[in-house]
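This structure is in structure tokens; I'll ask about it shortly.
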Amino acid sequence: MSFFDLKGIVRPLTGLSQFGKNPHTKRLDVLGKDTSDRYRGFHYNDLDACIGCGNCSTICMNSAIDMVELAAEFNSKQDKGNSGLRPRVDYGRCCWCALCVDVCPTGSLNLTKEYNYVSSDANSFLWTPGVDNPYGKDQLSFTSSKEQSLMVFNRVPMRELDGEERVKSFAEVVLGYNEEEAREEASRCISCSLCTEVCPEHMHIPEYINAIAKGNDDDALKIIYDNNPLPEMCGKVCTRACEDVCAIAVRGEAVAIRWLKRYATERAQTADLIKEIVNPEIAEANGYKVGIIGAGPSGLTAAYYLALRGFDVTIFEAKQHAGGMTMYGIPKYRLPMDSLEKQISYLQKIGVKIKFNTRVGTDISFDAIYKKHDAVFIGIGFEKPWKLGVEGEDLENSIPAVEYLRMINNEETFDVGKKVVVIGGGNVAIDGARVSARYGADVTILYRRRVEDMPADWEEIEGAEDEGIHIHPQAIPVRIIADESGKKVKAIEYIEAEMVAEEGARPRPVPIEGSNKIIEVDTIIGAIGQEADYSFITDEYVDKIELNRGRIVTNKLQQTSDAKVFAGGDAVNRTADAISAIADGFRAVKGIEAFLIKKK
């Protein structure tokens, strides 16, 4: 017998040395449940705080987390920026690494001190935290905070001209990201796609942001142009509803989606370069003609994608430049002329025809367009200003903001003098005020509600304040006072208001008796809203195209009550922004295509 054989016989006897000693393991009923701080037990998820972004599922290396739809009783939060899905954990796969907690942008997913569960049924280890297991907020152990999280909550700052400097000219205020800044900012995106769902155009946002993060700027541009032919414009002036629902914005700052789009589109510095990079596939002519009234965002979008599909498209534009309100209503410190013209030039290079200085109803009749084309798209926008409804508004130097902005953008002159009052609280009011300041005026904005109630973009409000513009909230205009000649503006009288809360409605301004004040001014700029001018639609078509409260009624594919006529933009939707108009134009392309192919 060898030495090794003998050792094998004796070795089991060595276990006798442990006889009578305390065991290394204990029965559960005598084991204490105290666990160390930050112990990693079973998950807890605050269902109301969770937005269903799926970042936990993406990062799980064991594929232990999938996203599931909950029963209605557990799924009360179904608003924008919430997918309605919640994480389900397979504890047969989970290794309790807690990466899912570290990357939860909202902080809703945590680990608890509970770790004991015994079952012979493997399927019973598949739990939806917050639903199937009883562990709650009082048992949390491993949690994340902004300081400890693996997420980057702060966006890369955007460089801008200083307020005192920029008010001296119409130079573009926002300077844009450089390559390093864009890559860094793009890397913050978690690709949850909540932004895509809320975007009116459903742009492929995570896809183009990921392309930027990887250094593939050309790919980003191709992805962007797939369903938006005016992306550089959106990269500068979009109202960015997408950023409002960004998962990272729950505890930090939203990914700068708009500015990243701007970065990718500005890289192509000419229309020829856009065409070379995007390299759009243009179908052969299909024999159909489409007439488009208005070269605003909706009309330009419809024209672009119709041209790509082989339609013969002609836009009839009343003014000498295309762009609609983005051209004549947005100041050039926000949207420079060369940027807009580059985008228009690209559309023309792929076959979009634009007849400028051609006003429908004057230079050509609606009837002629209707009869000459197989389909018609109306995208005229809201360019007719509402009246203020106060005494003296027809005096000289009392001018609607849209008219004032049109004149300035068209390189015409209008002397606003040294002191200006703007009435209104939207972006148009802010634009009118900031343009006036660039001509050296001391500007005050009178708004009937609180500053927080102003419909203007918060960035525009802050920009106005940085440029020295005074915003006077809760001030209701009463009358505009004429000078000694009775022809020109001399002053404006307004009355202070208090906000009165009403059940089920937002607080409304109520005049405070005896609080009237007068400001001497040189110019009054009104900006309380606009409407469309439908005078070009002749009597024989008025009854065929249904209107409701000043807007054209359409179906989901932008088709009006006259099957041959489609419409989009401000004349149809109430969003009053460029991206919604672009979405209308894109949907109309599908509607026109379906309508004409069906006829065929």
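In what follows, every heavy atom counts, from backbone to side chain, and hydrogens, waters and symmetry copies are set aside. Just so it is clear, the structure is predicted and the values come from calculations on it, not from any experiment.
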Take Asp226 and His204, measure what side-chain hydrogen bond (donor to acceptor under 3.5 Å, both in side chains) needs, and give me the verdict at the end. CA-CA 8 Å; Asp226 180 65; His204 316 302; 2.7 Å; yes

Quick check against the 3.5 Å criterion: does Asp466 have a side-chain atom that pairs as donor or acceptor with the backbone of Asp162? no

For Phe382 versus Gly550, what's the shortest heavy-atom pair and its separation? CZ-O, 4.0 Å

Are Ile461 and Met454 close enough that some pair of their side-chain heavy atoms sits under 4.5 Å apart? yes

Ion pair check, Arg159 and Glu181, cut-off under 4.0 Å: yes

Intermediate values then yes/no, side-chain hydrogen bond (donor to acceptor under 3.5 Å, both in side chains), Thr239 and Asp457: CA-CA 7 Å; Thr239 48; Asp457 193 304; over 6 Å; no

Can a donor-acceptor pair be found, under 3.5 Å and without considering hydrogens, that links the side chain of Asn548 to the backbone of Arg551? no

Ser580-Asp577 side chain donor-acceptor pair, cut-off 3.5 Å: yes

Decide, yes or no, whether a salt bridge links Arg188 with Glu253 under the criterion of side-chain N to carboxylate O below 4.0 Å. no

For Val103 and Ile190: C-alpha separation, side-chain torsions, deciding distance, then whether side chain to side chain contact (heavy atoms under 4.5 Å, CB included) applies. CA-CA 9 Å; Val103 302; Ile190 65 174; over 6 Å; no

So, for Ile205 and Thr196, which heavy atoms are closest and what is the spacing to 0.1 Å? N-OG1, 3.7 Å

Is there a salt bridge (Lys or Arg N to Asp or Glu O under 4.0 Å) between Arg240 and Glu459? Walk through the geometry before answering. CA-CA 12 Å; Arg240 70 197 186 291; Glu459 282 185 349; 3.8 Å; yes

If you look only at pairs with a residue in residues 82-112, which of them pass as a ring-ring contact (aromatic ring centres under 6.0 Å, His included), with sequence neighbours excluded? Phe42-Tyr91, His43-Tyr91, Tyr91-Trp96, Tyr91-Trp127

Using the test side-chain contact (heavy atoms from CB on, under 4.5 Å), find all partners of Met327 that sit at least two apart in sequence or belong to another chain. His321, Lys332, Met337, Leu340

Side chain to side chain contact (heavy atoms under 4.5 Å, CB included) assessment of Leu140 paired with Tyr44: CA-CA 8 Å; Leu140 301 184; Tyr44 165 75; 3.6 Å; yes

Closest non-hydrogen atom pair between Ile212 and Ala182, with its separation: CG2-O, 4.0 Å

Shortest non-hydrogen separation from Ser144 to Arg251 and the atoms involved: OG-NH2, 3.4 Å

Examine distances only and state if a side-chain atom of Asn62 and a backbone atom of Ala64 form a donor-acceptor pair shorter than 3.5 Å. no

Does the side chain of Ser124 come under 3.5 Å of the side chain of Ser119 through a donor N or O and an acceptor N or O? yes

Check: Tyr39 ring centroid to Phe142 ring centroid under 6.0 Å: no

Indicate whether the side chain of Glu232 and that of Gln343 have a donor and an acceptor atom separated by less than 3.5 Å. no

Any salt bridge linking Arg88 with Glu69? Criterion: basic side-chain nitrogen under 4.0 Å from a carboxylate oxygen. no

Looking at every non-hydrogen atom in both residues, tell me the closest pair between Pro455 and Tyr447 and how far apart they are. CD-OH, 3.7 Å

Let me see the working for Phe586 and Glu201 under side chain to side chain contact (heavy atoms under 4.5 Å, CB included), right down to the final yes or no. CA-CA 8 Å; Phe586 193 73; Glu201 181 64 341; 3.4 Å; yes

How close do Ala578 and Thr326 get, heavy atom to heavy atom, and via which atoms? CB-CG2, 4.3 Å

Quick one: do Arg309 and Glu593 make a salt bridge, cutoff under 4.0 Å? yes

Backbone of Arg449 reached by a side-chain donor or acceptor of Asp453 within 3.5 Å: no

Expected output: side-chain Ser141 to main-chain Thr112 donor-acceptor under 3.5 Å: yes

Are side-chain heavy atoms of Tyr225 and Tyr304 found at a separation under 4.5 Å? yes

When you check the gap from the basic side-chain N to the acidic O, do Glu498 and Arg508 get nearer than 4.0 Å? no

Donor-acceptor pair, distance only, cut-off 3.5 Å: does the side chain of Arg258 make one with the backbone of Cys238? yes

Kindly indicate, with the supporting measurements, whether the criterion salt bridge (Lys or Arg N to Asp or Glu O under 4.0 Å) is fulfilled by Glu172 and Lys236. CA-CA 10 Å; Glu172 191 169 6; Lys236 296 176 184 289; 2.9 Å; yes

Using a strict cut-off of less than 4.0 Å between a Lys/Arg side-chain nitrogen and an Asp/Glu carboxylate oxygen, indicate whether Glu179 and Arg267 qualify as a salt bridge. yes

Quick one: does any side-chain atom of Asp584 pair with a main-chain N or O of Ser298 as donor and acceptor, under 3.5 Å? no

What is the distance from atom CZ of Arg155 to atom CG of Leu260, rounded to the nearest 0.5 Å? 8.5 Å

With distance as the sole criterion, is a donor-acceptor pair present between the side chains of Asp217 and Tyr263 under 3.5 Å? yes

Report yes if the side chains of Ile378 and Phe566 come closer than 4.5 Å at any heavy-atom pair, otherwise no. no

For the residue pair Thr554 / Gln559, report whether a side-chain donor-acceptor contact shorter than 3.5 Å exists. no

